[in-house]
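Everything below concerns the one structure shown next.
Counting starts at 1 for both ligands and their atoms, following the listed order.
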Amino acid sequence: MRVSAMIAVVTLALAACGGEKTETVAVDSTPVETAAAPMTGTTHEVQMIQDGAEFKFVPADLTIKAGDVVVFKSVSGGMHNVQFFSDSIPAGSESVIDAAITNKLGPLASALVNTGEEITISFAGAPVGEYKFTCLPHMAMNMHGKITVQ
Ligand SMILES: [Cu+2]
């Protein structure tokens with residue numbers, strides 16, 4: 001109802017100025033666009049855990065949607081980090097991931113975090129596919145994980 005009322009106003013304005021100023025119409029329609037819901041993805045938590053001699057991401061296999069955010073939380077056994085494998089992520093995703101990791105150890109690698117600290121990675125604009133990663137300090141202990149972006 002509100003939108004059709006605005007269209008009516010825009011149409012009247014257009015008629016009033018004889019259709020010469022199309023720029024005015026574009027400016028008037030802007031508030032309708034901002035009425036749309038903001039794009040916010042779901043936030044998922046992946047815990048980084050030491051369980052005896054075992055080091056693991058929990059869950060180690062997570063499916064998300066592009067635009068979602070993953071918070072990697074160091075619960076025990078730090079230091080941990082998240083290191084994506086350049087040959088095990090979708091084509092074209094490397095620059096997206098590198099930009100999404102704000103505090104970096106190196107390419108596709110987050111800084112190390114201690115127990116109680118977090119690494120937040122947004123998958124906004126991330127291509128669909130599988131993203132495999134490890135924790136550098138515990139790579140030899142099979143601390144691996146996978147995120148599938150749908
Ligand atoms: Cu680790």
I'd like a table of donor-acceptor pairs (distance under 3.5 Å, sequence neighbours excluded) in which one partner is a side-chain atom from residues 90-111, with atom names and distances.
from	atom 1	to	atom 2	distance (Å)
S93	OG	P90	O	2.6
D98	OD1	L108	N	2.7
K104	NZ	D98	O	2.6
S110	OG	V82	N	3.0

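No side-chain donor-acceptor contact under 3.5 Å links T134 to the backbone of L136.
Around the Cu ion (ligand 1), protein atoms of type N, O or S found under 2.8 Å number 4.
Closest heavy-atom contact between H44 and L62: CB-CD2, 3.8 Å.
Annotation: side-chain hydrogen bond (donor to acceptor under 3.5 Å, both in side chains) contacts involving residues 69-78, sequence neighbours excluded, are absent. The side-chain hydrogen bond (donor to acceptor under 3.5 Å, both in side chains) contacts involving residues 49-59 comprise D51-K56, where partners must be two or more places apart or lie in separate chains.
Aromatic ring pairs are classed by plane angle as parallel below 30°, tilted from 30° to 60° and perpendicular above 60°; the pair F85 and H144 is tilted.
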